[in-house]
Enquirer: 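Got a structure for you, written out below as structure tokens; questions coming shortly.
In the text below, chain A, chain B and the rest are named by the order of the sequence lines, each starting its count at 1.
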2 protein chains.
Amino acid sequence: MPKTPPQCPMDSILRLLMGPWTTYIIWVLSDQGPQRFGALKRAVPGISTRMLTERLRMLQGAGVIWREQAETIPPAVTYGLTPRGNDLRSVLDALGNIAERWKAEGAFEDNAFRVG
Amino acid sequence: MPKTPPQCPMDSILRLLMGPWTTYIIWVLSDQGPQRFGALKRAVPGISTRMLTERLRMLQGAGVIWREQAETIPPAVTYGLTPRGNDLRSVLDALGNIAERWKAEGAFEDNAFRVG
DNA sequence: TAAAGTAGGGACGATAAAGTAACTGCCTGA
DNA sequence: TCAGGCAGTTACTTTATCGTCCCTACTTTA
């Protein structure tokens with residue numbers, strides 16, 4: 001990560017999406033609709049509570065997802081995509097299409113995408 | 001970075017774009033056209049030769065950029081976007097539009113995008 | 001009585017990623 | 001003759017990130 005990133009708004013978005021799990025979380029929320037914390041954790045296999053919490057806070061801070069806490073006991077917290085989150089979703093869709101096309105072209109077969 | 005990422009082709013693309021500087025390099029190549037190594041380094045302020053080399057190798061391995069070496073002395077190496085690189089460019093453009101809209105909405109002003 | 005689920009918080013440590021610096025060989029210009 | 005540009009490579013060091021583990025307080029179920 002560059003210390004002093006170019007002062008470009010896109011950089012902020014990339015910084016947001018770049019983190020691990022982030023796009024996966026957005027994907028789940030857009031595919032399965034709003035989810036509770038536990039359901040989300042189960043839907044993103046392998047993620048730790050720590051990471052999930054952090055990512056959700058980050059996405060929420062960016063206005064990409066909303067958080068709704070029901071004051072029951074135990075509290076039930078639900079997360080969902082905001083309109084801003086849907087903006088991202090369309091881009092992710094486009095990226096997904098490219099990924100599929102590349103895959104059809106055999107892009108992911110050899111050891112491309114590996115540098116070492 | 002998840003150790004066992006979901007076996008999704010999009011994950012490979014994200015892994016490619018995610019690295020620091022990567023999108024910036026693609027952006028420069030698409031905006032300024034094919035560039036020599038040194039020019040690229042100057043166009044991406046702050047990047048080290050090490051990083052630039054690594055990113056270029058990675059992008060080249062993914063078929064996103066081409067590399068042309070003239071066997072002169074000293075050798076002149078030029079990099080440019082392949083059609084696959086242009087695929088990405090359109091997505092980055094879309095992302096850039098979103099970024100500008102968000103910026104107009106004041107998304108990047110407060111301490112959003114910060115988790116700590 | 002104990003386990004499990006709910007939604008996390010906090011500390012610690014390993015590991016991978018990024019930065020820094022020094023080096024290559026060859027040539028050109030001052 | 002000495003610096004500087006070309007296009008990197010290699011080694012070393014540091015930083016940050018992520019994972020793991022344990023904790024909360026309350027309730028329901030077995």
Side-chain angles (χ1 to χ4, degrees), chain A residues 1-6 11 14-25 28-29 34-61 65-80 113-116, chain B residues 1-6 11-12 14-25 28-29 34-62 65-80 113-116:
Chain A
M1 224 84 55
K3 277 178 181 168
T4 307
D11 190 73
L14 285 171
R15 211 161 269 279
L16 175 74
L17 294 178
M18 249 172 48
W21 311 109
T22 314
T23 55
Y24 203 97
I25 292 169
V28 167
L29 287 180
Q35 300 280 317
R36 304 259 309 260
F37 184 90
L40 211 46
K41 183 158 152 52
R42 263 171 262 121
V44 182
I47 198 172
S48 62
T49 45
R50 188 190 179 292
M51 259 296 105
L52 183 54
T53 302
E54 182 190 314
R55 293 293 129 181
L56 289 174
R57 292 280 181 284
M58 197 170 168
L59 290 170
Q60 189 193 355
I65 62 174
W66 47 260
R67 185 191 127 108
E68 191 186 71
Q69 176 161 7
E71 294 296 347
T72 57
I73 288 180
V77 182
T78 307
Y79 296 91
F113 293 86
R114 289 293 308 158
V115 61
Chain B
M1 225 83 58
K3 278 179 181 167
T4 307
D11 189 74
S12 305
L14 285 171
R15 211 161 268 278
L16 174 73
L17 293 178
M18 250 171 48
W21 312 107
T22 313
T23 54
Y24 203 97
I25 293 170
V28 168
L29 287 180
Q35 300 280 317
R36 306 258 311 258
F37 185 90
L40 212 45
K41 182 157 154 52
R42 265 172 261 120
V44 183
I47 196 172
S48 63
T49 43
R50 188 188 177 296
M51 261 294 106
L52 183 54
T53 302
E54 183 190 313
R55 293 293 129 181
L56 289 173
R57 293 280 182 284
M58 197 170 166
L59 291 170
Q60 189 191 355
I65 63 175
W66 47 259
R67 185 191 127 109
E68 191 186 72
Q69 177 161 6
E71 294 296 347
T72 57
I73 288 181
V77 181
T78 308
Y79 297 90
F113 294 84
R114 287 293 306 158
V115 60

Enquirer: Distance check needed: D/dT24 P versus A/I73 CD1, whole Å only.
Expert: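 About 18 Å, once rounded to whole Å.
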
Enquirer: Over all heavy atoms of both residues, which pair between A/W66 and A/T78 is shortest? Give the atoms and the distance, please.
Expert: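 Here A/W66 and A/T78 meet closest at CZ3-O, 3.5 Å.
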
Enquirer: Contact between A/P20 and A/R55 at the side-chain level, heavy atoms closer than 4.5 Å - yes or no?
Expert: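 Sidechains of A/R55 and A/P20: in contact.
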
Enquirer: At less than 4.0 Å, is any side-chain N or O atom of A/W21 found next to OP1 or OP2 of D/dT17? Yes or no.
Expert: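 Indeed not, no polar side-chain atom of A/W21 lies that close.
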
Enquirer: Where does DNA chain C form stems of at least three consecutive Watson-Crick or G-U wobble pairs, each pair having both distances below 3.5 Å?
Expert: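 The stems that DNA chain C takes part in, listed by first number, are C:1-30 with D:1-30.
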
Enquirer: Roughly, in whole Å, what's the span from CD1 in B/I65 to C1' in D/dA7?
Expert: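 It works out to 14 Å between those atoms.
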
Enquirer: May I have the distance from A/R15 (atom CZ) to C/dA17 (atom C1'), rounded to whole angstrom?
Expert: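 Nearest whole value for this atom pair: 14 Å.
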
Enquirer: Please name the pair of heavy atoms, one in B/P45 and one in B/Y24, separated by the smallest distance, quoted to 0.1 Å.
Expert: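 For B/P45 and B/Y24, the tightest heavy-atom pair comes out as CD-OH, 3.9 Å.
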
Enquirer: Here's a test of your reading of the structure: between B/R42 and A/M51, which maps to the more 5' nucleotide of DNA chain D?
Expert: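 Going by which nucleotide is closer to the 5' end, it is B/R42.
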
Enquirer: To the nearest 0.5 Å, how far apart are OG1 in B/T53 and CE in B/M58?
Expert: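 One gets 14.0 Å once the value is rounded to the nearest 0.5 Å.
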
Enquirer: Expressed in angstrom and rounded to an integer, what is the separation of B/M18 atom CE from C/dA17 atom P?
Expert: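 The answer, rounded to whole Å, is 9 Å.
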
Enquirer: Would a 4.5 Å heavy-atom cut-off, applied to side chains only, mark A/F37 and A/L56 as touching?
Expert: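 They are in side-chain contact.
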
Enquirer: Search all heavy atoms of A/I47 against all heavy atoms of A/K41 and return the closest pair with its distance.
Expert: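 Heavy atoms of A/I47 and A/K41 come nearest at O-NZ, 3.1 Å.
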
Enquirer: Just jot down the salt bridge (charged side-chain N to carboxylate O under 4.0 Å, His left out) partners of B/R36, sequence neighbours excluded, or say none.
Expert: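 Partners of B/R36 under the salt bridge (charged side-chain N to carboxylate O under 4.0 Å, His left out) test: none.
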
Enquirer: If you measure from CE on A/M18 to OG1 on A/T23, what distance do you get to the nearest 0.5 Å?
Expert: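 The distance works out to 11.5 Å.
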
Enquirer: Please report the distance, rounded to the nearest Å, between CD in B/E71 and P in D/dC6.
Expert: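 About 18 Å, once rounded to whole Å.
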
Enquirer: Atom CD of B/E54 and atom P of C/dA17: how far apart are they, to the nearest Å?
Expert: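 One finds 9 Å between P of C/dA17 and CD of B/E54, rounded.
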
Enquirer: Could you state the CZ-C1' distance from A/R55 to D/dG19, rounded to the nearest angstrom?
Expert: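 Between C1' of D/dG19 and CZ of A/R55: 13 Å.
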
Enquirer: Kindly give the heavy-atom pair with the smallest separation between B/L40 and B/I25, and that separation in Å.
Expert: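 Closest approach of B/L40 to B/I25: CD2-CG2, 4.5 Å.
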
Enquirer: For B/K41 and D/dT9, what is the distance between atoms NZ and P respectively, to the nearest whole Å?
Expert: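 That distance rounds to 14 Å.
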
Enquirer: Go along nucleotides 7-15 of chain C 5' to 3' and tag each nucleotide: B for a protein heavy atom under 4.0 Å from its base, S when only backbone or sugar atoms are that close, - otherwise.
Expert: SBS-B----

